[in-house]
K.L.:
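What follows is a structure written as structure tokens; I'll ask about it next.
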Protein chains: 2
Amino acid sequence: MTTVNALSEIAALMGDPARASMLSLLMDGRAHTASDLAHNAGITAQTASGHLARMVEANLLAARAEGRNRFYRLASADVAHAIESLMALAGTRAAPASKAAAWRRDPDLRFCRTCYDHLAGQVGIAVTDSLTQHGHLEPEGSRDWRLTHSGELFCERLGVDLDTARRTSSRHFARQCLDWSERRPHISGALGAAIADTFFKRGWAERLRRSRTVRLTDSGRRALGSHFGATV
Amino acid sequence: MTTVNALSEIAALMGDPARASMLSLLMDGRAHTASDLAHNAGITAQTASGHLARMVEANLLAARAEGRNRFYRLASADVAHAIESLMALAGTRAAPASKAAAWRRDPDLRFCRTCYDHLAGQVGIAVTDSLTQHGHLEPEGSRDWRLTHSGELFCERLGVDLDTARRTSSRHFARQCLDWSERRPHISGALGAAIADTFFKRGWAERLRRSRTVRLTDSGRRALGSHFGATV
DNA sequence: ATTATGCTTCGGTCTTGGCCGAACGATTGA
DNA sequence: TCAATCGTTCGGCCAAGACCGAAGCATAAT
């Protein structure tokens, strides 16, 4: 039964503190240089290089060379989701007053963050809820959404790049992603990423330096009200 | 940021081959004795005892003493689902002709297996589909099902112990669980477990020795036709 | 009582693998 | 061409932890 080995190999890769630190940083969905990841994990470049090579080998990460830099990112949304599921599990540990669960109570992280490449937290839920309540989005099956005709018009009015989103055929267009802090689904997939892009491009939200936390700007707060009819 | 430590600690626990082997065995949803788990993992009882204690400490497992035996089981369905997500990730490894992915092609496992404590695979999907198509079950939200009035009558006629299922209030009653082989949701939660129980009690299905594989008996095949209007 | 079985704790061995210093290759800029 | 930067490979050091033998403590069977 090789299923056991496969499980332990993948888990062992995630089980090293240095590698887990790198994976956590990469959970923001962006690509980071090797030295960036090394510094963040508190190890030297040589050591990091070995870790990164092993994770690329195991298809957890993808690497892209650019000049003398080398950028690493999570290999797929599946990897991100597996990491999220482990984090959620870690959060439910019984240890009373466990410090390990402190991050789950981080109010900024619960308010707005990136989940791989789309918006999550209260803001992600607010956007998703607004779209469904206005009939722009409908659940389709148990894991997808369907963008209605009115939804297409709404997105175009907002400046969401639907064409590019549709063109990435290798990827689910509109996916339901379970939000660990809100315990409800928000929108992910190519459409979710395109919507998040719009938020960043129009200055409604900005990523924080070294974390998944996203700050909603004042204009973003206004936009949520005027475009989505939501207050957060 | 302690989220990193939490992630690496949980993953490291799953990352040891012996522990992964135990977890895999426990994925059948049943409780196993310490010696059973030790033998299955190919290690001595002392070593296994240490592993088990650590996993209980981390709330991955729950232990129950019975006579001079000690039974261990997965602590929650969440643990089972996290393991499934890692296994799914391991299955998508690029390695061409990888032996690690062989188990994903096991036809018996795809046909019928236990997923923690309910039925999965083609049979699990067939049961779920039949219930929804006859209006006994309706999707509720993105992660649950609702048992309709006709569904209650149907279950009672079948001999499903709805009272007990309802009484386990600590648990979701009817949950959608994504089937990795069929890529569609089947029914889990207390109701899913009660339905699986019925299949075993009435001799429609039987668990195989040391695996998650479930064999559908001849009477089970007939029952699927007569009660559920399904052929598999 | 005595013996057998299941499980655990303790102590010690040994392998695995993470880590860094040093050296090297590749790319960019002066 | 020379220097600076980023990344990698190599070699050796070292600690974490997986493993087992021996012993102890329950519970159950005779």
Side-chain angles (χ1 to χ4, degrees), chain A residues 4-26 30-58 60-75 100 210, chain B residues 4-26 30-75 210:
Chain A
V4 176
N5 299 327
L7 169 62
S8 68
E9 279 170 23
I10 291 287
L13 279 175
M14 298 180 176
D16 175 75
R19 284 192 294 262
S21 169
M22 297 178 175
L23 290 170
S24 285
L25 181 58
L26 291 168
R30 288 184 286 186
H32 294 258
T33 64
S35 45
D36 188 10
L37 290 162
H39 179 261
N40 182 263
I43 54 178
T44 59
Q46 317 85 283
T47 306
S49 180
H51 286 314
L52 291 167
R54 287 184 59 184
M55 291 195 281
V56 168
E57 164 74 13
L60 288 183
L61 302 185
R64 165 174 50 93
E66 196 157 303
R68 57 185 167 188
N69 289 313
R70 210 154 167 220
F71 287 89
Y72 290 88
R73 61 174 175 80
L74 296 186
R210 278 185 191 283
Chain B
V4 176
N5 300 327
L7 169 63
S8 69
E9 280 170 21
I10 292 286
L13 278 175
M14 298 180 176
D16 176 77
R19 285 193 294 264
S21 170
M22 296 179 176
L23 290 171
S24 283
L25 181 57
L26 291 168
R30 288 184 285 187
H32 293 258
T33 63
S35 43
D36 188 10
L37 291 162
H39 180 260
N40 182 264
I43 54 179
T44 60
Q46 319 86 287
T47 305
S49 180
H51 286 313
L52 291 167
R54 287 183 61 185
M55 291 195 281
V56 168
E57 164 73 13
N59 271 98
L60 288 183
L61 302 185
R64 164 174 51 94
E66 196 156 302
R68 58 184 167 187
N69 289 314
R70 201 141 180 235
F71 288 87
Y72 291 88
R73 60 176 175 78
L74 296 188
R210 272 182 197 287

K.L.:
Do the side-chain N or O atoms of Thr47(A) get closer than 4.0 angstrom to the phosphate oxygens (OP1, OP2) of dC20(C)?
P.N.:
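Indeed, a polar side-chain atom of Thr47(A) lies that close.
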
K.L.:
Where is the tightest heavy-atom contact between Ala58(B) and Ile10(B), given as atom of each residue plus distance?
P.N.:
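Minimum heavy-atom separation between Ala58(B) and Ile10(B): O-CD1, 4.4 Å.
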
K.L.:
Check the distance between dG6(C)'s C1' and Leu52(B)'s CG and give it to me in whole angstrom.
P.N.:
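Atom-to-atom, Leu52(B) to dG6(C), this comes out as 13 Å.
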
K.L.:
First contact, last contact: which nucleotides of DNA chain D are these for chain B, 5' to 3', heavy-atom distance under 4.0 Å?
P.N.:
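Endpoints of the contacted stretch of DNA chain D: dA18(D) to dA28(D).
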
K.L.:
Taking CZ from Arg54(A) and C1' from dC19(C), how many angstroms apart are they, rounded to a whole number?
P.N.:
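The answer, rounded to whole Å, is 13 Å.
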
K.L.:
How would nucleotides 25-30 of chain C be written as a contact map, 5' to 3', with B for base contact, S for sugar-phosphate-only contact and - for no contact, using protein heavy atoms under 4.0 Å?
P.N.:
--BB--

K.L.:
Expressed in angstrom and rounded to an integer, what is the separation of His51(A) atom NE2 from dC19(C) atom C1'?
P.N.:
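That distance rounds to 8 Å.
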
K.L.:
Whole angstrom is fine here: how far is it from CD1 in Ile43(A) over to P in dG21(C)?
P.N.:
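Interatomic distance, CD1 of Ile43(A) to P of dG21(C): 13 Å.
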
K.L.:
For the residue pair Leu37(B) and Tyr72(B), what are the closest heavy atoms and their distance?
P.N.:
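For Leu37(B) and Tyr72(B), the tightest heavy-atom pair comes out as CD1-CB, 4.0 Å.
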
K.L.:
Take the protein atom CG of Leu37(A) and the nucleotide atom C1' of dG18(C), then report the distance between them rounded to whole Å.
P.N.:
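Result: 17 Å.
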
K.L.:
Side-chain contact test, heavy atoms from C-beta onward, threshold under 4.5 Å: evaluate it for Leu23(B) versus Met55(B) and give yes or no.
P.N.:
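Yes - at least one pair of side-chain heavy atoms lies under 4.5 Å apart.
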
K.L.:
Determine the contact category for Phe71(A): base if any of its heavy atoms lies under 4.0 Å from a base atom, sugar-phosphate if only primed atoms, P, OP1 or OP2 are that close, otherwise nothing.
P.N.:
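No contact.
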
K.L.:
What integer distance in Å separates His39(A):NE2 from dC19(C):P?
P.N.:
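Rounded to whole Å, this separation is 16 Å.
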
K.L.:
Measure the shortest side-chain to side-chain distance between His51(B) and Ile43(B) over non-hydrogen atoms and say whether it is less than 4.5 angstrom.
P.N.:
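In contact.
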
K.L.:
Please confirm whether the backbone N or O of Leu13(B) pairs with a side-chain atom of Arg19(B), one donor and one acceptor, at under 3.5 Å?
P.N.:
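Yes; judged by distance alone, with no hydrogens or angles, the pair exists.
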
K.L.:
Write down the atom of Ala31(B), the atom of Arg64(B), and the distance for their closest heavy-atom approach.
P.N.:
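Closest heavy-atom pair between Ala31(B) and Arg64(B): CB-NH2, 3.5 Å.
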
K.L.:
Could you give the CD-to-P distance, from Gln46(A) to dG21(C), as a whole number of Å?
P.N.:
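After rounding, the reported distance stands at 7 Å.
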
K.L.:
Minimum heavy-atom separation for Arg70(A) to Ala65(A), with atom names?
P.N.:
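Shortest heavy-atom separation between Arg70(A) and Ala65(A) comes out as CG-CA, 4.2 Å.
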
K.L.:
For Ala34(A), which contact category applies under a 4.0 Å heavy-atom criterion: base, sugar-phosphate, or nothing?
P.N.:
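If one applies the 4.0 Å heavy-atom cut-off, Ala34(A) turns out to touch the sugar-phosphate alone, with no base involved.
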
K.L.:
Less than 4.0 angstrom between a side-chain N/O of Ser35(B) and OP1 or OP2 of dC7(C), yes or no?
P.N.:
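For Ser35(B), the contact criterion (side-chain N or O under 4.0 Å from OP1 or OP2 of dC7(C)) is met.
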
K.L.:
State whether the side chain of Ser24(B) and the backbone N or O of Ala20(B) hold a donor-acceptor pair below 3.5 Å, judged by distance alone.
P.N.:
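A pair under 3.5 Å: yes.
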
K.L.:
Would you mind reading off the distance between Asn69(B) atom CG and dG6(C) atom P, rounded to a whole angstrom?
P.N.:
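Atom CG in Asn69(B) sits about 7 Å away from atom P in dG6(C).
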
K.L.:
Would you say Leu61(A) and Leu74(A) make side-chain contact, with heavy atoms under 4.5 Å?
P.N.:
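Touching, per the 4.5 Å side-chain cut-off.
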
